[in-house]
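Small disclaimer: the values here were computed from a predicted structure and weren't measured. Numbered from 1 within each chain, the chains take letters A, B, ... in sequence-line order.
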Amino acid sequence: MSMANLLEKLKENVIQGRKTSEDIGIDESLTGTPGVVEMVEEALEADIPAEELITSSLTAGMEVVGEKFSSKEYYIPDMLASADAVGAAMEILKPHLEKANVPTRGKIVLATVKGDIHDIGKNIVAILLKGAGYEVVDLGIDVPEDKIIETVRSEKPDYLGLSALLTTTMTEMPLVIKALEENSLRDSVKILIGGAAVSEEYAMEIGADAFCADGFQAIKVLEEMEKANGK
Amino acid sequence: MPREGILIKKPIERLTGEQVQQIHDASITILRDPGLLCFNRRAAEVFRSHGAEVGDISGSSTPSWTVKIPGKLVTDALDKAPSTITLGARNPDNVLVIKGDEPRVYYITGSETNTWLDVDFPAYVSKTDSSREKRIPEFKPRRGTVADLCASAHVCEHLETVDGYIRTVNIQDKEINETNKDVNKFFACLNNTTKHVQSGLTKLAQLDNVVKMAEIIAGGKDKLQENPLVSFITCLVKSPLQFVDNTTETFIEVCQRGLPVVVSSSPQAGTSAPIKEAGIMAQINAEVLAGITLGQLVNPGTPVLYGSVPVRARMDTLGDSYGSIETTQYNIDCVQMARFYNLPNYSTSGVCDTKIPGQQSTVERLFSDILVTLSGPQFLHCAFGLLDCNAVFCLLQAVLDDAHFKMIKNFLREPRINETELADIRKQITDVVATPQKMFINYIRPVMRSGEISLPYPFEGEGDDDDVFYLANERMKELLAKPVEHIDEATTQRIFNEIPGLLPGLNFYERENQS
Ligand code: B12
């Protein structure tokens with residue numbers, strides 16, 4: 001397969017939301033043919049640079065998916081399938097990007113705060129952010145303060161995303177922020193919060209950097225932060 | 001392949017078997033005594049020659065007879081009436097096969113309203129905040145025209161859940177008179193939809209012109225018998241228990257031509273029928289049976305539909321209240337009676353009391369649409385666009401109704417629970433619980449695409465405003481702009497040459513050639 005051909009097919013598979021060859025996607029006749037994961041591996045073997053794959057196939061494909069979503073041709077499950085496929089591709093590309101010294105889009109640690117077990121929204125945010133090219137470290141649910149601090153220290157993320165769905169657990173958020181300050185880590189990360197209990201006002205009140213109503217807003221907010229950072 | 005309709009596996013019923021029998025017995029007793037008052041000579045003669053007790057009423061200005069029908073005549077007629085009826089269509093995929101013993105529901109438009117409701121969306125500015133502007137739907141009634149009838153048939157051709165077309169609006173153009181109304185009405189419908197067309201007849205003298213038009217389109221006399229593109233509605237018995245002269249004459253003539261015909265009765269509980277359920281049921285059933293009996297005596301085996309349009313009176317005006325709960329109860333009872341006789345039922349739902357689309361109309365129509373559908377009538381009419389108890393038709397409402405019927409049809413899909421399905425699900429659950437995020441989202445897509453799960457409400461707006469009417473109106477405009485398959489040019493020319501009275505403006509090809 002020529003390089004152009006391969007890049008085009010990979011992009012098509014992103015649009016189809018086919019992570020592996022088993023996935024059905026939208027066009028059912030593709031089932032059984034290589035999906036994003038297999039194609040990325042093939043591309044790497046053919047020495048196509050990781051950066052090329054990201055710009056010409058993964059990002060370009062996600063752009064089309066975004067358009068289809070806006071025009072209501074695609075629904076959230078389609079968007080997530082594509083984002084999930086891109087997320088898996090990024091995972092494979094990570095060591096290659098590091099080797100080639102290509103800066104990644106940034107790393108985010110996600111957690112649902114202590115006492116809270118809601119995670120559907122946080123998981124969706126994780127998939128979308130991975131699909132947008134971010135590296136996501138997901139700590140799961142009911143995550144205690146010290147575990148968050150420890151992870152921020154060891155993983156050195158650019159961003160920290162906290163989720164709380166209960167008015168009784170959102171009060172954990174300012175405690176996390178305070179603990180980060182006490183450990184001199186507050187300035188090392190930008191903090192995003194989300195979940196049904198919290199709001200823009202609450203984010204300001206507790207000294208977080210941003211509130212996000214959903215995963216799409218999270219992507220926008222991160223892009224703006226990147227720009228402000230001169231990335 | 002005929003249209004599929006929607007098969008109701010377990011129809012809801014209100015009456016016990018014993019109550020059905022009791023209504024039947026009461027109707028038979030009523031038909032014998034007091035019997036019916038008959039204003040049509042031929043009907044009186046037919047009944048007399050078959051052994052009914054027919055008495056002359058002397059001294060009144062209009063000739064009339066009392067007709068007392070023995071139970072045996074009725075049961076013999078019921079034996080002869082076919083339980084399966086084919087309602088043909090220009091497009092073979094739109095043929096309806098209705099079976100008295102199969103609760104397969106078809107949704108049909110109708111009936112004939114005088115008023116057509118236009119809608120417009122003028123912008124209003126808030127008095128307190130002039131930067132706030134809103135589009136408010138405004139409904140404007142006017143008299144229906146031939147062009148409206150064409151537009152209605154055109155849109156209904158494209159509405160997926162419309163299975164057959166009954167003219168929705170009375171054509172009142174100044175060029176239309178009693179002698180040319182029927183041909184124009186039927187042509188406007190037949191030329192704009194490829195679905196089955198049903199209508200009442202204004203003038204008996206026009207019957208042969210209408211039949212000839214249908215024969216030309218079907219490809220001959222025999223072809224029309226095989227594929228009856230048109231059928232007729234006759235309300236020959238006026239409640240309580242009176243054979244009307246001209247409609248009865250029309251009914252007899254239609255029966256003689258062997259085309260499908262609805263024997264419809266529309267008593268109003270409280271005024272033209274008893275206010276109690278037992279009363280209106282015994283009476284409407286007697287009235288329909290009287291008509292069916294006459295039809296089978298005139299032409300044994302003639303295809304008749306058990307037509308029921310029962311309604312309760314409003315207590316404030318004594319007008320019809322189609323939106324009343326009791327109206328829906330009577331309709332469901334009638335479905336059960338027709339099924340008891342193995343006859344296809346022409347039933348009624350979806351008509352509301354209110355004059356314009358809105359909350360009340362939505363509640364009233366959905367209430368009867370869902371419940372009457374679940375009772376399993378074969379031919380459910382009145383369902384699209386009707387407001388103000390049959391007086392008003394609004395095409396926008398018909399577009400909304402189509403969306404709501406789709407919801408009802410989706411609800412009625414078969415449960416897909418079987419061993420293969422469950423084995424798949426067990427594997428899915430095992431796989432998902434083994435992942436860190438434990439979510440099933442990956443499995444949504446194929447199910448979503450297969451149509452197994454229903455889509456969001458099609459007219460939901462973007463923001464907090466309720467944009468349902470605006471979006472439905474946009475959809476209506478789209479459907480009007482989408483072409484329909486008209487009758488071909490040669491056939492059209494033949495119809496215009498052979499059938500008198502057609503308005504030249506209805507000739508699509510002449511119009512095309514001029515422009
Ligand atoms: C599903 C649900 C549950 C499920 C959770 C399953 C799961 N795996 O998550 C179960 C049944 C377990 C549950 C339990 C409870 N729940 Co609950 N639950 C909900 C419900 C109905 C939906 C939440 C949801 O998943 N929404 C869908 C997702 C897609 O939306 P989302 O979570 O808001 O996430 C989006 C955004 O907010 C944003 N976002 C979210 N987090 C983050 C984080 C970041 C960093 C960013 C950028 C963005 C972001 O992006 C997401 C994607 O678009 C809500 C009602 C509601 N309206 O939210 C109640 C609700 C949150 N629950 C409530 C309650 C009370 C409970 C219980 C206490 C009930 C009980 N008595 O046991 C327990 C709490 C258990 C606990 N300790 O946490 C209340 C909270 C009331 C309050 N004021 O605090 C709610 C609001 C319901 C209500 N109105 O009463 N619940």
Side-chain angles (χ1 to χ4, degrees), chain A residues 13 15-20 22-31 35-37 65 68-85 87-88 91 110-112 117-131 136-143 163 215, chain B residues 160 399-400 402-403 406-407 410 413 416 420-421 423-479 482:
Chain A
N13 273 292
I15 298 169
Q16 291 277 332
R18 295 184 63 246
K19 183 156 84 175
T20 68
E22 280 171 28
D23 288 338
I24 301 177
I26 304 238
D27 175 358
E28 289 183 22
S29 68
L30 291 174
T31 315
V36 168
V37 165
V65 172
K68 286 180 184 281
F69 182 72
S70 304
S71 68
K72 296 204 169 147
E73 185 187 334
Y74 273 21
Y75 289 92
I76 292 264
D78 303 311
M79 185 84 168
L80 289 176
S82 297
D84 193 29
E91 201 87 359
L110 284 179
T112 298
I117 63 165
H118 294 86
D119 67 354
I120 298 176
K122 181 213 66 190
N123 291 347
I124 291 175
V125 172
I127 299 172
L128 289 173
L129 289 183
K130 277 190 210 161
V136 176
V137 180
D138 187 348
L139 298 181
I141 54 172
D142 189 17
V143 186
S163 182
Chain B
E160 251 175 71
V399 173
L400 290 165
D402 178 61
K406 254 179 230 156
M407 291 165 76
N410 278 348
R413 281 177 304 206
R416 272 188 46 184
T420 353
E421 196 84 357
D424 272 2
I425 290 312
R426 278 195 295 272
K427 179 171 183 318
Q428 211 181 91
I429 290 175
T430 312
D431 291 352
V432 168
V433 295
T435 63
Q437 303 190 323
K438 307 192 191 330
M439 297 216 290
F440 291 85
I441 300 176
N442 276 345
Y443 298 89
I444 295 179
R445 296 212 303 161
V447 185
M448 196 169 82
R449 303 271 174 236
S450 73
E452 209 178 317
I453 49 171
S454 42
L455 294 173
Y457 192 64
F459 308 121
E460 188 178 275
E462 293 286 336
D464 292 338
D465 281 343
D466 182 336
D467 281 330
V468 170
F469 289 156
Y470 181 78
L471 295 170
N473 195 55
E474 292 298 298
R475 176 80 187 134
M476 182 184 100
K477 287 195 261 174
E478 264 170 51
L479 295 180
K482 192 172 153 189

Pick from Asp78(A), Asp119(A), Leu80(A): which one has the most heavy-atom pairs with chain B under 4.5 Å? Asp78(A)
Between Tyr457(B) and Phe459(B), how do the two ring planes meet: parallel, tilted or perpendicular, split at 30° and 60°? perpendicular
With a cut-off of 6.0 Å (strictly less than), are more than 12 heavy atoms of other residues, nucleotides or ligands near CD of Gln428(B)? yes
Tell me, do Ile26(A) and Arg449(B) make a side-chain contact under 4.5 Å, heavy atoms counted? yes
With a 4.5 angstrom heavy-atom cut-off, is it the side chain or the backbone of Asp23(A) that approaches chain B, or both, or neither? neither
In terms of heavy-atom pairs under 4.5 Å with chain B, which of Ile24(A), Ile141(A), Ile127(A), Ile120(A) leads? Ile120(A)
Would you indicate whether Glu160(B), at its atom CD, is surrounded by more than 12 heavy atoms from other residues, nucleotides or ligands within a distance under 6.0 Å? no
If I measure from the heavy atoms of chain B, does Lys72(A) come under 4.5 Å with its side chain, its backbone, both, or neither? side chain
